[in-house]
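FYI, the numbering just counts along the sequence from 1. Hydrogens, waters and symmetry mates are skipped; everything else that's a heavy atom, side chains included, is used.
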Amino acid sequence: MSKVLLLPWVLPFRGVRETDAWGDGTYGARRTKGGRVYAHPGLDLISVTKDTVPAPLPGFIRRLGIAYLDDPATRPNEADLRSIHIEGDGGWAGMFVKLFYAKPLVDLKIGDRVGAGEQIAVAQDRAGYATAKDPTRGPMTNHVHGELYLRSEDGRSWNLANPADFLDFPGTD
């Protein structure tokens with residue numbers, strides 16, 4: 001696949017979330033949860049609640065749901081955080097993007113075709129949920145989380161990739 005670019009999934013573009021009391025928003029950043037160390041699987045772009053969330057690539061909506069797939073009863077104050085999954089088409093075939101903490105527009109449905117840059121959602125208050133969960137921990141920078149997957153050469157699986165390698169950051173050449 002030749003390299004194609006993704007658009008930032010938050011407008012206006014304010015940059016990538018740096019380290020705060022809750023972690024680092026860069027791809028591969030070290031995280032710890034329940035004693036288990038893992039790599040941050042996506043890239044967090046700074047947002048303000050209700051910022052525009054455009055489709056970062058042209059394609060089809062494959063899933064609309066909650067951001068955390070585990071039992072919402074275990075995360076009651078995070079049950080409203082949403083996710084949108086988009087599978088690319090055309091020159092973006094073989095790419096799949098998952099966006100978290102973005103509330104889909106009311107008329108967005110599974111199977112809808114979206115164009116790159118078309119507004120599909122608004123940014124949610126992810127930082128507010130973090131503060132409600134643990135007010136003593138310190139502030140989180142509000143953000144929309146994006147994960148990029150590339151189809152394997154044999155077409156049988158999706159492999160996690162660094163979105164920053166494909167992003168067309170505004171103001172850069």
Side-chain angles (χ1 to χ4, degrees), residues 1-18 23-29 39-69 78 80-127 129 140-173:
M1 165 177 33
S2 62
K3 187 167 181 177
V4 294
L5 295 178
L6 302 173
L7 298 175
W9 43 88
V10 178
L11 294 175
F13 177 72
R14 293 183 174 86
V16 175
R17 175 179 163 233
E18 295 181 356
D24 182 306
T26 58
Y27 177 81
H40 184 236
L43 185 70
D44 298 341
L45 298 186
I46 298 169
S47 66
V48 171
T49 304
K50 297 190 179 176
D51 273 355
T52 296
V53 175
L57 74 170
F60 293 89
I61 302 297
R62 293 297 180 219
R63 184 177 187 283
L64 299 168
I66 61 170
Y68 296 104
L69 297 177
E78 295 178 3
D80 290 333
L81 292 174
R82 311 313 279 172
S83 69
I84 302 170
H85 300 192
I86 307 166
E87 185 172 347
D89 69 349
W92 290 262
M95 299 179 98
F96 191 88
V97 173
K98 295 180 182 181
L99 301 177
F100 296 87
Y101 323 132
K103 184 176 181 180
L105 297 180
V106 188
D107 57 345
L108 194 66
K109 306 281 184 270
I110 293 172
D112 284 354
R113 184 178 195 298
V114 294
E118 176 184 339
Q119 182 177 3
I120 57 172
V122 294
Q124 293 184 282
D125 183 14
R126 175 62 181 101
Y129 285 96
M140 173 188 280
T141 304
N142 205 58
H143 63 279
V144 175
H145 173 91
E147 295 177 7
L148 172 64
Y149 296 83
L150 303 177
R151 188 176 297 282
S152 64
E153 286 189 29
D154 66 10
R156 293 190 294 192
S157 62
W158 292 98
N159 301 312
L160 194 59
N162 185 351
D165 292 342
F166 294 86
L167 264 173
D168 184 13
F169 289 107
T172 62
D173 293 326

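- Between I120 and L99 the shortest side-chain heavy-atom distance falls below 4.5 Å.
- Counting all heavy atoms, side chain and backbone alike, V144 lies closest to A123 at CG2-CB, 3.8 Å.
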Practice task
Before giving the answer on side-chain contact (heavy atoms from CB on, under 4.5 Å), spell out for Q119 and L105 the whole-Å C-alpha distance, their side-chain angles and the decisive distance to 0.1 Å.
Solution key: CA-CA 8 Å; Q119 182 177 3; L105 297 180; 4.0 Å; yes

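- Under a cut-off of 6.0 angstrom, the local environment of CD in E18 is sparse, with at most 12 non-hydrogen atoms contributed by other residues, nucleotides or ligands.
- A 4.5 Å side-chain heavy-atom check between V10 and H143 finds every atom pair outside the cut-off.
- The shortest distance between side-chain heavy atoms of R82 and P104 falls below 4.5 Å.
- Minimum interatomic distance between P56 and W9 (heavy atoms only, all atoms of both residues): CB-CE3, 4.1 Å.
- A 4.5 Å side-chain heavy-atom check between R126 and L81 finds at least one atom pair inside the cut-off.
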Practice task
List the steps and the verdict of side-chain contact (heavy atoms from CB on, under 4.5 Å) for R17 and M140.
Solution key: CA-CA 9 Å; R17 175 179 163 233; M140 173 188 280; 4.1 Å; yes

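- A heavy-atom distance below 4.5 Å is found between the side chains of I84 and I61.
- Each of L43, V16, L148, L5 was compared with L167 under the side chain to side chain contact (heavy atoms under 4.5 Å, CB included) criterion, and only L43 meets it.
- Atom CD1 of I110 and atom CZ of R63 lie 8.0 Å apart (nearest 0.5 Å).
- When side chains are defined from C-beta on, F100 counts as touching E147, because their heavy atoms get closer than 4.5 Å.
- Ion pair D89/R113 flagged as a salt bridge, since at least one NZ, NE, NH1 or NH2 atom sits closer than 4.0 Å to an Asp/Glu carboxylate oxygen.
- Side-chain contact check for H85 and E87: no donor-acceptor pair (N or O, by modelled atom type) lies under 3.5 Å.
- Side-chain atoms of V97 and W92, non-hydrogen and from C-beta on, never get closer than 4.5 Å to each other.
- When every heavy atom of N142 is checked against every heavy atom of A127, the shortest pair comes out as OD1-N, 2.8 Å.
- Here the CG-NZ distance, from D125 to K103, works out to 12.5 Å after rounding to the nearest 0.5 Å.
- Between L150 and M95, the closest side-chain pair of non-hydrogen atoms falls below 4.5 Å.
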Exercise for the section: Kindly indicate, with the supporting measurements, whether the criterion side-chain contact (heavy atoms from CB on, under 4.5 Å) is fulfilled by D44 and Y101. Expected result: CA-CA 10 Å; D44 298 341; Y101 323 132; 5.5 Å; no

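- Interatomic distance, F13 CZ to T52 OG1, rounded to the nearest 0.5 Å: 15.0 Å.
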